[in-house]
Amino acid sequence: MRMPCVSGEDRYAVPEAIIKRIRQSKRASVLTGAGISAESGIPTFRGAGGIWEKYDYRKLATMQGFREDPGLVWEWYQLRQREMKKAKPNPAHETIAEMEAHFERFAVLTQNIDGMHKLAGSRNVIELHGSIWRMRCPRDGTIITLDAPVNEIPPLCQCGSILRPDVVWFGEPLPSEVAEAASKAAAESEVMFVVGTSAVVYPAAALPILTKNSGGLVVEINTEPTDLSSYADLSIFARAGEALPALWHKIAYPERFMTEHPIIPNR
Ligand code: OAD
């Protein structure tokens with residue numbers, strides 16, 4: 001049964017039936033998007049001030065753009081690496097890391113390439129769109145892991161080819177083992193939390209539908225309604241760094257919730 005969306009001062013008034021189902025669930029997953037890292041200072045892609053408003057994705061996030069000007073693409077990725085290196089996980093990433101221990105099976109399916117979930121302590125992380133902290137040789141497949149932004153632009157493989165960021169660009173499929181692992185986790189989830197994604201980029205956007213189709217519950221947290229909101233069992237319209245810890249504490253620590261996590265509406 002679809003439950004109403006909650007927003008404004010009632011946004012954390014989660015129906016008890018939903019809380020109960022989540023508490024009883026053994027298999028869960030979280031699908032995250034750029035919105036979860038917004039409170040860590042990493043910009044989102046869409047909406048006012050979003051990356052795709054400022055930059056041309058055809059030049060920066062396609063194989064054709066890379067072939068035409070790998071230096072430009074690397075300058076942009078170096079800029080983003082520097083930005084992401086400065087960022088720290090926020091309470092939403094930390095809550096997700098904590099959630100892992102409460103379920104028999106738990107997977108973080110993230111569209112983000114920033115590495116924040118692993119930094120926060122999540123272990124089972126499926127990076128759907130790759131990682132900004134890896135480079136790949138388009139010719140021989142060599143993978144190089146980074147722990148700091150690249151120095152030289154463009155970086156070269158030992159074979160002489162220009163390395164590319166090991167991320168998924170527009171028009172490229174997800175690596176098949178990543179797509180399969182994510183679909184399996186989504187389909188077997190009794191509950192999926194969908195946090196900070198506009199849910200417009202496929203196949204990631206189809207993952208909550210897999211959960212729904214196999215009888216699972218979908219709980220969305222986003223600052224605004226998305227394409228997914230009409231499918232979700234519950235949508236909480238609030239910032240992830242506030243709403244997710246509050247929701248999780250309500251689920252996991254009901255007796256402590258009222259005293260330790262008072263809900264203070266932010267408007
Ligand atoms: P988007 O930028 O499309 O969407 C970010 C979502 O986060 C929006 O729906 C916002 O309303 C929401 N949001 C913003 N701040 C928030 C906050 N503090 N708390 C909760 N929600 C918040 O980002 P994605 O959905 O991740 O792909 O975009 C999907 C893919 O499109 C990305 O992985 C990237 C991009 O092009 C590739 O580069 C292949």
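In each ligand, atom 1 is the first atom listed, and ligand 1 is the first ligand listed. Since this is a predicted model, take the numbers as computed values, not measurements. No hydrogens, no waters, no symmetry mates; every other heavy atom, side chains included, goes into these values.
At a 3.5 angstrom cut-off on N or O pairs, G33 does not count as close to ligand 1. Polar contact check, V168 against ligand 1: no nitrogen or oxygen pair lies under 3.5 Å apart. Backbone and side-chain nitrogen or oxygen atoms of T197 are examined, and one is located within less than 3.5 angstrom of a nitrogen or oxygen of ligand 1. Residue T226 places no N or O, backbone or side chain, under 3.5 Å from any N or O of ligand 1.
By the 4.0 Å heavy-atom criterion, W52 is counted among the residues contacting ligand 1.
Side-chain contact between I42 and N112: absent, with no pair of heavy atoms (C-beta onward) separated by less than 4.5 Å.
Per-residue contacts place R239 under 4.0 angstrom from the following atoms of ligand 1 (heavy atoms of the residue considered): 18 (N), 19 (N). Annotation for ligand 1: atoms under 4.0 Å from non-hydrogen atoms of A240 are 17 (C), 19 (N), 20 (C). Of all the atoms in ligand 1, the ones that sit under 4.0 Å from a non-hydrogen atom of F170 are 36 (O).
Among protein heavy atoms, the minimum distance from atom 18 (N) of ligand 1 is reached at E39 OE2, 2.7 Å. Remark: minimum distance from atom 17 (C) of ligand 1 to any protein heavy atom is reached at G35 O, 3.4 Å. Distance from atom 10 (C) of ligand 1 to its nearest protein heavy atom, with residue and atom name: N222 OD1, 3.4 Å. When hydrogens are left out, the protein atom nearest atom 30 (C) of ligand 1 is V201 CG2, 3.7 Å; that is the closest non-hydrogen contact. Among protein heavy atoms, atom 33 (O) of ligand 1 sits closest to H129 ND1, 2.8 Å. Regarding atom 28 (O) of ligand 1, its nearest protein heavy-atom neighbour is R46 NH1, 3.1 Å. With hydrogens left out, the protein atom closest to atom 13 (N) of ligand 1 is T223 OG1, 3.3 Å, a heavy atom. Protein heavy atom at the shortest distance from atom 5 (C) of ligand 1 is G196 O, 3.7 Å.
A salt bridge links K212 with D233: the closest approach of a Lys/Arg side-chain nitrogen to an acidic carboxylate oxygen falls below 4.0 angstrom. Using a 4.0 Å cut-off between a side-chain N of Lys or Arg and a carboxylate O of Asp or Glu, E53 and R46 do not qualify as a salt bridge. Under the 4.0 Å criterion applied to side-chain N and carboxylate O atoms, R80 and E83 are not assigned as salt-bridge partners. Taking a cutoff of 4.0 Å between a charged side-chain nitrogen and a carboxylate oxygen, R105 and E190 do not qualify as a salt bridge. Contact check on E127 versus R134 returns a salt bridge, with a Lys/Arg side-chain nitrogen under 4.0 Å from an Asp/Glu carboxylate oxygen.
Taking the ring centroids of H129 and W169, they lie at or beyond the 6.0 Å cut-off.
For T226 and E220, the side-chain atoms include at least one donor-acceptor pair closer than 3.5 Å. Side-chain contact, T110 with T32: a donor N or O sits under 3.5 Å from an acceptor N or O.
The minimum heavy-atom distance linking A120 with A97 is given by the pair O-CB, 3.4 Å.
The aromatic rings of W248 and H102 sit perpendicular to each other, their planes meeting at more than 60°, with 30° as the lower class boundary.
Taking only non-hydrogen atoms, the option from A61, G50, A199, A38 nearest to atom 15 (N) of ligand 1 is A38. Residue A34 holds the heavy atom nearest to atom 24 (P) of ligand 1 of all those in A34, G241, A205.
Under a hydrophobic clustering in which Ile, Leu, Val, Met, Phe, Trp and Tyr are joined whenever their side-chain heavy atoms come within less than 4.5 Å, directly or via other members, L79 and F45 fall into the same cluster.
With a 4.0 Å cut-off on non-hydrogen atoms, Y57 does not touch ligand 1 at all.
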